[in-house]
Amino acid sequence: MHPLPLRIMHWANAIAMVIMIGSGWKIYNDEVIFGFLHFPQAIVLGIWAQHGLQWHFFGMWILVINGLAYLAYGIATGRFARLFFPIRPREVAQEMIAALTFRLKHADLTHYNAVQKLLYVGVIAIVVVQVASGLAIWKPVQFSGLLALFGGFQAARLVHFLGMAAIAGFMVVHVALALLVPRTILAMLTGGPRVPAPEQAADGAPAPKPLH
Ligand code: HEM
């Protein structure tokens, strides 16, 4: 279900995200957007703002290189097409209600439900925008076109902040749901149930069935 490269990329991403969010909070504290919001020193990464920036750039390389590898892998192996699509609004609505009333089942680990598909595709899209808005505020002169696309420096900063909030929100829900079905965490560590290799699932063939 989760081949080794996928598992390595998933956990590398989780570590990079913790570094990016923790150090981002430290940088934010130096020049806040919302006067009422400061992140306590106990939960930020970095002793002073410049130190936080260094952590942020360190995490950035892991996030971007790993993220590009994950996108290339997901597209080239057909994993995205097989596991994330199609996303049907009707199923999302039905499964959202089931999830909110704690009736959503996750017996078959080899298939993601519609809510999962939407969340995974959504968080991947948000991370892409997050990297773009980060580039725009890191190099506003070199990426002036990108900066203009966001509506200027302060608007790009706000997008970057809201992207962080969305990713942090995703992480809370994602980890809580994973803890509710601990088998999924084990599968993300050990690989999970065996499924036919992607090349066996030719175009148009029925979705692969787990072998056990
Ligand atoms: C912000 C950080 C994270 C992001 C963006 C993220 C994103 C994702 C994505 C996109 C998938 C689907 C992967 C695929 O099939 O190609 C996934 C699966 C999964 N993630 Fe994360 N993840 C993050 C952190 C974590 C953490 C900290 C945990 C620890 C509990 C975790 C546990 C899992 C598990 C168990 C699955 C498989 C779910 C299943 O089989 O139903 N993730 N994650």
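Start at 1 and go down the list; that is how both ligands and their atoms are numbered. Count residues from 1 along the sequence. All values below were derived from every heavy atom in this structure, side-chain atoms included, with hydrogens, water molecules and symmetry-related copies excluded. Values in this document were obtained by computation on a predicted structure and should not be read as measured data.
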Distance-only side-chain donor-acceptor flag, Arg103 / Thr101, under 3.5 Å: yes
From Tyr70 atom OH to Leu63 atom CG, the distance as rounded to the nearest 0.5 Å: 13.0 Å
Which of the ligand 1 atoms, numbered from 1, are nearer than 4.0 Å to a heavy atom of Ile185: 30 (C), 35 (C)
Subset of ligand 1 atoms that lie under 4.0 Å from at least one heavy atom of Tyr112: 12 (C), 13 (C), 14 (C), 15 (O), 39 (C), 40 (O), 41 (O)
Residue Met171 vicinity, atoms of ligand 1 by number, heavy atom under 4.0 Å: 1 (C), 2 (C)
Heavy atom of Met1, distance to ligand 1 below 4.0 Å: no
Using residues 150-172 as the side-chain source, report each donor-acceptor pair under 3.5 Å to any protein atom, sequence neighbours left out, with the distance given to one decimal.
from   : atom 1 : to     : atom 2 : distance (Å)
Arg157 : NH2    : Glu31  : O      : 2.3
His160 : ND1    : Gln130 : O      : 3.2
His160 : ND1    : Ser133 : OG     : 3.0
His160 : ND1    : Gly134 : N      : 3.4

Protein N, O or S atoms lying under 2.8 Å from atom 21 (Fe) of ligand 1, listed by chain and number: His10 NE2, His174 NE2
Nearest heavy atoms of Leu83 and Thr110, plus distance in Å: CD2-O, 3.5 Å
Asp108 and His111: side chain donor to acceptor below 3.5 Å: yes
Interatomic distance, Leu53 atom CG to Ile27 atom CD1 [nearest 0.5 angstrom]: 4.0 Å
Centroid-centroid under 6.0 Å between Trp138 and Phe143 rings: no
Ligand 1-proximal atoms of Gln116, by part, heavy-atom distance under 4.0 Å: side chain
His2: numbered ligand 1 atoms lying under 4.0 Å from its heavy atoms: 37 (C), 40 (O)
Option with minimal heavy-atom separation from atom 10 (C) of ligand 1, where the choices are Tyr70, Tyr73, Phe170, Phe80: Tyr70
Value rounded to 0.5 Å, distance of CG in Leu118 from CZ in Phe84: 11.5 Å
Polar contact flag for Arg79 and ligand 1 (N/O pairs, less than 3.5 Å): yes
Nearest-0.5 Å distance, NZ of residue Lys26 to CH2 of residue Trp55: 14.0 Å
Side chain, backbone, both or neither: Leu6 near ligand 1, heavy atoms under 4.0 Å: side chain
Proximity of Tyr112 and His106 rings by center, below 6.0 Å: no
Taking atom 38 (C) of ligand 1 as the reference point, the nearest protein heavy atom with its distance: Tyr120 OH, 3.4 Å
Ring-ring centroid check Phe85 Phe80, cutoff 6.0 Å: no
Under 4.0 Å to a heavy atom of Thr184 - the qualifying atoms of ligand 1, by number: 35 (C), 39 (C), 40 (O), 41 (O)
